[in-house]
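See structure below.
Atoms within a ligand are numbered from 1 in the order they appear, just like the ligands themselves. These figures come from a predicted structure and were not determined experimentally. Index from 1, following the sequence.
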Amino acid sequence: MKFIDTHAHIYDLTLPLVVENAQRNDIQKIYMPNIEEETIERMMDVAGDYPCCLPMMGIHPCHIRKDFTKQLYIVEEWLDKGGFIAVGEIGIDLYHDTALLEAQQEAFSIQLSLAKRYHLPVSIHCRNAFKEVINLLEIEQDGSLKGVIHCFTGDLREAEKCIALDFSLGVGGIITIPKSGLAETISAIDLKHLVLETDSPYLAPSPFRGKRNEPSYLRYIAEALATIKEVSLTEVASITTQNAEAIFEAKR
Ligand SMILES: [Zn+2]
């Protein structure tokens, strides 16, 4: 079996321990979304040390400042050097703060354009901002945008909207929490639209709720998904890995 953790900030975890744990649990690749300017160096160090850890480039919506043009200039410089599997993580987050909505929207749309220019997929962060995110995706989708709505927690109608726009859904630890209702939504979605992720060090799945998350826990998410979809763990591994590689690693 071979799994891919499509969203893990492992540069904030204890290395090499978490990479070894991941590999012992068949998590063969870990995609690393960037957060802000300050995390780039750490992430690139991890990418250099561990070939199974593949970096993305972008600024997280919670770290977008008023003067985001400077931030995005740095992103562009790095993208220009090459070696990234995606633009991420990018998006809109209105959970913590709505004051910078306009800046977040503009930065998101510029980073979507960068993804198109560099022929890269995107890893999208969307929190309390479904309408705003879909709005921009509808504007920017010209048939060439591809990617994942990371840590998807919406309802069925929202899931179908993302899929109609050619985006896949990132299934994370929330799927292991019965009262989230996510299992019910995901049970109605074809496996071909799903990829797995931990969002380490956040959002640990049951039975590790509240603990520091790490890629090896992806197994618990995969097992929950297998139960929900009434398929074997091997099938979840093979289909979600194939999906992830088609989105992030196919030559475009
Ligand atoms: Zn993240």
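Of all the heavy atoms in A8 and T198, the pair that sits closest is CB-OG1, 3.8 Å.
Applying the salt bridge (Lys or Arg N to Asp or Glu O under 4.0 Å) rule to pairs touching residues 190-202 yields nothing, sequence neighbours excluded. Applying the ring pair (Phe, Tyr, Trp, His ring centres under 6.0 Å) test to every pair with at least one member in residues 59-99, sequence neighbours left out, gives these pairs: H60-H63, H60-H125. Among pairs with a residue in residues 209-238, those fulfilling ring pair (Phe, Tyr, Trp, His ring centres under 6.0 Å) read F208-Y217, F208-Y220, at least two apart in sequence or across chains.
In this structure the side chain of L54 never reaches within 4.5 angstrom of the side chain of I30, judged on heavy atoms. Contact check for I4 versus E245: side-chain heavy atoms found under the 4.5 Å cut-off.
For the Zn ion (ligand 1), protein N/O/S neighbours under 2.8 Å (waters excluded) are H7 NE2, H9 NE2, E89 OE2, D199 OD1.
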